[in-house]
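To keep things clear, I will list the structure first and then write my remarks on it.
So that the names make sense, note that chain A is the first sequence line, chain B the second, and so on, each numbered from 1.
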2 protein chains.
Amino acid sequence: MSGDKRREQILQTAFDLFSHRGFSGTTTKDIAKSAGVSEAMVFKHFSSKDELYGALVEAKTCNEGFRKYPWEENEAVMTAMEAKDDFGVFYHFALKALNKHQEDIAFMRMIFFSALEGHEIADRFFQTFVGEIYNFLGGYIKTRQKDKVFRKIDPRIIVRAFLGMMIHHSLNNILWDKKRTLLDIPNEEAAKNFAEIILQGVAVQEG
Amino acid sequence: MSGDKRREQILQTAFDLFSHRGFSGTTTKDIAKSAGVSEAMVFKHFSSKDELYGALVEAKTCNEGFRKYPWEENEAVMTAMEAKDDFGVFYHFALKALNKHQEDIAFMRMIFFSALEGHEIADRFFQTFVGEIYNFLGGYIKTRQKDKVFRKIDPRIIVRAFLGMMIHHSLNNILWDKKRTLLDIPNEEAAKNFAEIILQGVAVQEG
DNA sequence: GTCTATATGACGATAGAC
DNA sequence: GTCTATCGTCATATAGAC
């Protein structure tokens with residue numbers, strides 16, 4: 001196998017293991033074995049376990065998956081936003097996010113492990129990626145507040161409440177309620193309910 | 001030091017370290033050193049690292065801290081519930097939970113680490129403790145739906161949305177946004193806003 | 001109840017052959 | 001590009017003295 005191809009394969013294997021067991025719970029021997037190579041090969045491509053992990057998180061946060069925000073490649077959100085279709089904005093945003101979480105459980109686990117284990121790369125991810133989401137949704141909320149459609153609440157609180165519903169729901173499914181004994185609903189229904197609750201919750205009330 | 005006292009001290013020390021670095025990130029040597037004893041002492045009290053961890057999670061989930069639900073020792077929630085003061089119920093519940101999370105960061109971290117690392121004790125905690133919360137809040141929500149004050153949404157979705165706001169908010173503060181750069185508000189304000197959003201969000205609308 | 005010393009193996013990482 | 005062999009260190013756990 002070529003160097004680049006092998007490197008990618010080791011990265012992917014390492015990703016699966018790190019996301020499952022965390023940094024200190026994964027050994028270089030495990031990685032080598034799963035990748036079907038010797039440990040020496042791993043250290044030919046990455047000078048240390050730390051470097052391997054760093055390259056991994058870097059690749060996964062910057063190049064793939066979560067480089068795309070839930071509104072990119074999601075025409076529905078942008079269209080709804082231009083039309084000031086509030087339900088469309090929040091529903092499609094939530095649905096995209098929930099689907100993404102479900103498809104990329106390994107990534108979610110890796111980010112949580114990084115955060116718990118205190119790798120500063122997790123910090124950077126949150127300051128950029130999550131910060132950007134606060135700006136994006138917060139901006140729309142501000143507009144709708146000026147339109148006197150949403151109540152005057154700190155937009156960041158609304159974003160936090162809304163993201164909280166989605167992320168907590170995904171986290172429940174990934175970490176604890178894998179069999180969905182507590183609440184087993186399709187993402188469409190969850191997105192619809194979350195969007196309805198938040199929208200009615202922040203709407204200006206008549207009278 | 002007496003055996004029991006020493007045992008407790010080792011447990012507490014281990015708790016601090018495990019919650020900070022996770023199971024595989026913590027060594028028995030670290031624990032011994034932090035407790036100010038030799039490693040041999042640790043193994044006199046606990047036959048293995050696994051047993052120590054098990055005893056720890058058991059003690060922390062069953063005997064202390066989270067044995068108490070957010071409505072126990074919280075007269076405000078029960079009083080509000082009897083008076084059908086919806087805002088009182090949700091506000092005081094949220095405030096209690098947020099304060100608890102903030103006071104017991106170590107416990108929160110330990111539970112998340114356990115869940116990620118797949119210790120089945122975390123599962124048990126969630127099925128009992130969290131399940132009980134769903135019953136408690138869900139029961140109240142059902143009552144208010146019969147009163148035609150809350151809309152007909154699956155009560156578990158409402159509980160999930162509400163818990164999501166709180167837990168996500170606490171998790172943000174604990175894991176990523178420790179400096180609170182994104183959103184720095186007192187628990188009272190967060191609880192008030194979350195309660196208002198969820199209540200208005202699920203209220204029966206006029207017309 | 002507490003320690004020092006040590007057994008046994010795992011872990012991260014390297015050397016050097018092919 | 002890949003391997004086997006190995007090194008030094010650290011980890012869990014035990015033995016036995018005080």
**Message:** Any base atoms under 4.0 Å from A/Val42, or only sugar-phosphate, or nothing? Heavy atoms, all strands.
**Reply:** nothing
**Message:** Can you tell me if A/His45 has over 12 outside heavy atoms packed within less than 6.0 Å of its NE2?
**Reply:** yes
**Item:** Separation of D/dG1 C1' from A/Asp4 CG (nearest whole Å)
**Value:** 13 Å
**Request:** Tell me whether the OP1 or OP2 atom of D/dG1 has a side-chain N or O from A/Arg6 closer than 4.0 Å.
**Result:** no
**Prompt:** Which pairs pass side chain to side chain donor-acceptor pair (under 3.5 Å) with one or both residues in residues 124-135 of chain B, sequence neighbours excluded?
**Reply:** B/Tyr134-B/Arg160
**Request:** Report yes or no: does B/Arg21 contribute a side-chain atom to a donor-acceptor pair with the main-chain N or O of B/Asp16 at less than 3.5 Å?
**Result:** no
**Request:** Take the protein atom CD1 of B/Ile10 and the nucleotide atom P of D/dT12, then report the distance between them rounded to whole Å.
**Result:** 14 Å
**Request:** Rounded off to whole Å, could you give me the CG-to-P distance for the B/Leu52 and D/dA11 pair?
**Result:** 16 Å
**Asked** Would you say B/Arg109's side chain and B/Ser19's backbone share a donor-acceptor pair under 3.5 angstrom?
**Response** yes
**Request:** Rounded to the nearest angstrom, tell me the gap between atom CZ in A/Arg7 and atom C1' in D/dT2.
**Result:** 17 Å
**Rounded interatomic separation in angstrom, taking CG from B/Leu17 and P from D/dA11** = 13 Å
**Request:** List for me each residue that meets salt bridge (charged side-chain N to carboxylate O under 4.0 Å, His left out) alongside B/Glu39, sequence neighbours excluded, and say none if there are none.
**Result:** B/Lys29
**Message:** How would you summarise protein contacts on nucleotides 10-18 of chain C per nucleotide, using B for base, S for sugar-phosphate only and - for none, with heavy-atom distances below 4.0 Å?
**Reply:** -SBBBBB--
**Message:** Between B/Val159 and B/Phe136, is there a side-chain heavy-atom distance shorter than 4.5 Å?
**Reply:** no
